[in-house]
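Heads up: numbering here begins at 1 and tracks the sequence. Since this is a predicted model, take the numbers as computed values, not measurements. Computation of the quantities below employed the complete heavy-atom set of this structure, encompassing side-chain atoms and omitting hydrogens, waters and symmetry-equivalent molecules.
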Amino acid sequence: MPDLRLALMQAPSPAGDCAAAFLAVKRGLRAAGAAGADMLVVPESFAPGYNSDAIAALALLRGGAWQDGLADACRGAGCGLVFGYAERDGDAVYNAALALGPDGRALAHYRKIQLYGAREASIYQAGDAYVTFDLAGHKAALLICYDVEFAPHIAALAAVGVTVLLVPTANMLPYTHVMRATVPAMAANHGMTIVYANYCGIEGDLTYAGGSLIVGADGEVLAQAGMGPALLIADVPRVAAARLSSQARDYRAIGQG
């Protein structure tokens, strides 16, 4: 077995049904664990769903019984999990992601920095910090959806040695260029494996774009979903140094004026 096997789950939104969300995640964990995956990534705000009208009312407290249940599922499956969810913290709500290890231990907690559009800004407060953690000997980090489209965030993570980026997302039509071009380019330009886990199907007035993918550090697409539900699993290859980007080393800053 390779030193790192990553999985993602592309699924319809639970649309406000948190019990259905947890059931789907636990099923995905069992399947990913049976295939020997080290980590499963699921979409953005999977509980309670991205386009729910009740996000603020259904937002979860960090570290509650729901987290204990997911930790138990990770231990049972022998697979870690990156879970996107709406987090309640006092009066504030955050678009958050939690990383659990195969032993159920909390590895990292992240709050989305780049809120997308007026709707997200009306629901969530923005996060203000990156998080990194060890994943089977690889330095990993979390971003959420729109975050990954900003090259300065990827560059900042690469600068501190991150080589694996795990990204819950809720990308909708017509923005297929993100999967087709942006994510592979970010991976190639910064020498970083990226797992981008999207929704499929329709939720309210949104049609999700599917297309979830796992991209190697040289920009090669290792696995990609279509428009329907999917569980993708890919081994992270050891990429020859000659195929990795040299931009960080070669960059020449040009003064203004």
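With hydrogens and angles disregarded, no donor-acceptor distance shorter than 3.5 Å links the side chain of R111 to the backbone of A97. A donor-acceptor pair under 3.5 Å is formed between the side chain of D17 and the backbone N or O of A20. Side chain of Q10 to backbone of G228: a donor-acceptor contact under 3.5 angstrom is found. Checked by atom type and distance alone, the side chain of S122 pairs as donor or acceptor with a backbone atom of R119 at under 3.5 Å. Counting only distance, with no hydrogens or angles, the side chain of R88 and the backbone of D91 share a donor-acceptor pair below 3.5 Å.
Checking each of S13, P12, S212 against C200 for a side chain to side chain contact (heavy atoms under 4.5 Å, CB included) leaves exactly one that passes, namely P12. Shown are I154, T169, I194; of these, the side chain to side chain contact (heavy atoms under 4.5 Å, CB included) with L143 is made only by I154.
Using a 3.5 Å distance cut-off with no hydrogens or angles, the side chains of Y175 and E149 do not pair a donor with an acceptor. Y116 and D147 share no donor-acceptor pair across their side chains, judged by distance under 3.5 Å alone.
Atoms CG and CZ, on L100 and R105 in that order, are 10.0 Å from each other to the nearest 0.5 Å. Rounded to the nearest 0.5 angstrom, E120 CD and S45 OG are separated by 9.0 Å.
Proximity of I55 to Y124: side-chain heavy atoms (C-beta onward) are separated by under 4.5 Å at one or more points. Contact annotation: the side chain of V183 never approaches that of M179 to less than 4.5 Å [non-hydrogen atoms, C-beta and beyond]. Side-chain contact between N51 and D205 is present, with at least one heavy-atom pair separated by less than 4.5 Å. Side-chain atoms of K139 and D134, non-hydrogen and from C-beta on, never get closer than 4.5 Å to each other. Inter-residue side-chain proximity for Y130 and V160 is flagged as unmet; no heavy-atom pair is nearer than 4.5 Å. Using a 4.5 Å heavy-atom cutoff, the side chains of Y196 and N171 are in contact. When side chains are defined from C-beta on, L165 does not count as touching T193, because their heavy atoms never get closer than 4.5 Å. Under the 4.5 Å side-chain criterion, counting only non-hydrogen atoms from C-beta, I233 is not in contact with L6.
When hydrophobic clusters are built by joining Ile, Leu, Val, Met, Phe, Trp and Tyr residues whose side-chain heavy atoms come closer than 4.5 Å, directly or via intermediates, M192 is grouped together with V82. The hydrophobic clustering, which links ILVMFWY residues whose side-chain heavy atoms are closer than 4.5 Å, places L232 and V148 together. Hydrophobic clustering of Ile, Leu, Val, Met, Phe, Trp and Tyr side chains at less than 4.5 Å, counting indirect connections, unites L4 with L142. V167 and V178 fall within the same hydrophobic cluster, where Ile, Leu, Val, Met, Phe, Trp and Tyr residues are linked whenever their side-chain heavy atoms come under 4.5 Å apart, directly or through other members. I123 and L206 sit in two unconnected hydrophobic clusters of ILVMFWY residues. Membership requires side-chain heavy atoms under 4.5 Å apart, directly or through other members.
In terms of heavy atoms, A106 sits closest to L98 at CB-CD1, 4.4 Å. Between G80 and L29, the shortest heavy-atom distance links the atoms O-CD2, 3.5 Å. The shortest non-hydrogen separation linking L115 to A121 is CD1-CA, 4.1 Å. The shortest non-hydrogen separation linking I144 to K112 is O-CE, 3.5 Å. Nearest heavy atom pair, residue P14 against residue A21, reads CG-CB, 3.5 Å. Nearest approach of C79 to A32, heavy atoms of both residues: SG-CB, 4.0 Å.
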May I have the list of side-chain donor-acceptor pairs in residues 61-72 shorter than 3.5 Å, sequence neighbours left out?
unit_1	atom_1	unit_2	atom_2	d
W66	NE1	L61	O	2.7
Q67	OE1	G63	N	2.9
D72	OD1	R75	NH2	2.3

Given E44 and Y146, is the side chain to side chain donor-acceptor pair (under 3.5 Å) satisfied, shown in steps?
CA-CA 10 Å; E44 177 181 5; Y146 197 34; over 6 Å; no

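For the ring-ring contact (aromatic ring centres under 6.0 Å, His included) test, residues two or more places apart in sequence or in another chain that qualify with Y208 are Y199.
Salt-bridge annotation for D235 and R5: present, with a side-chain N of the basic residue lying under 4.0 Å from a carboxylate O of the acidic one.
Evaluation of the ring pair (Phe, Tyr, Trp, His ring centres under 6.0 Å) test over residues 6-26, restricted to residues two or more places apart or in two chains, returns F22-F83.
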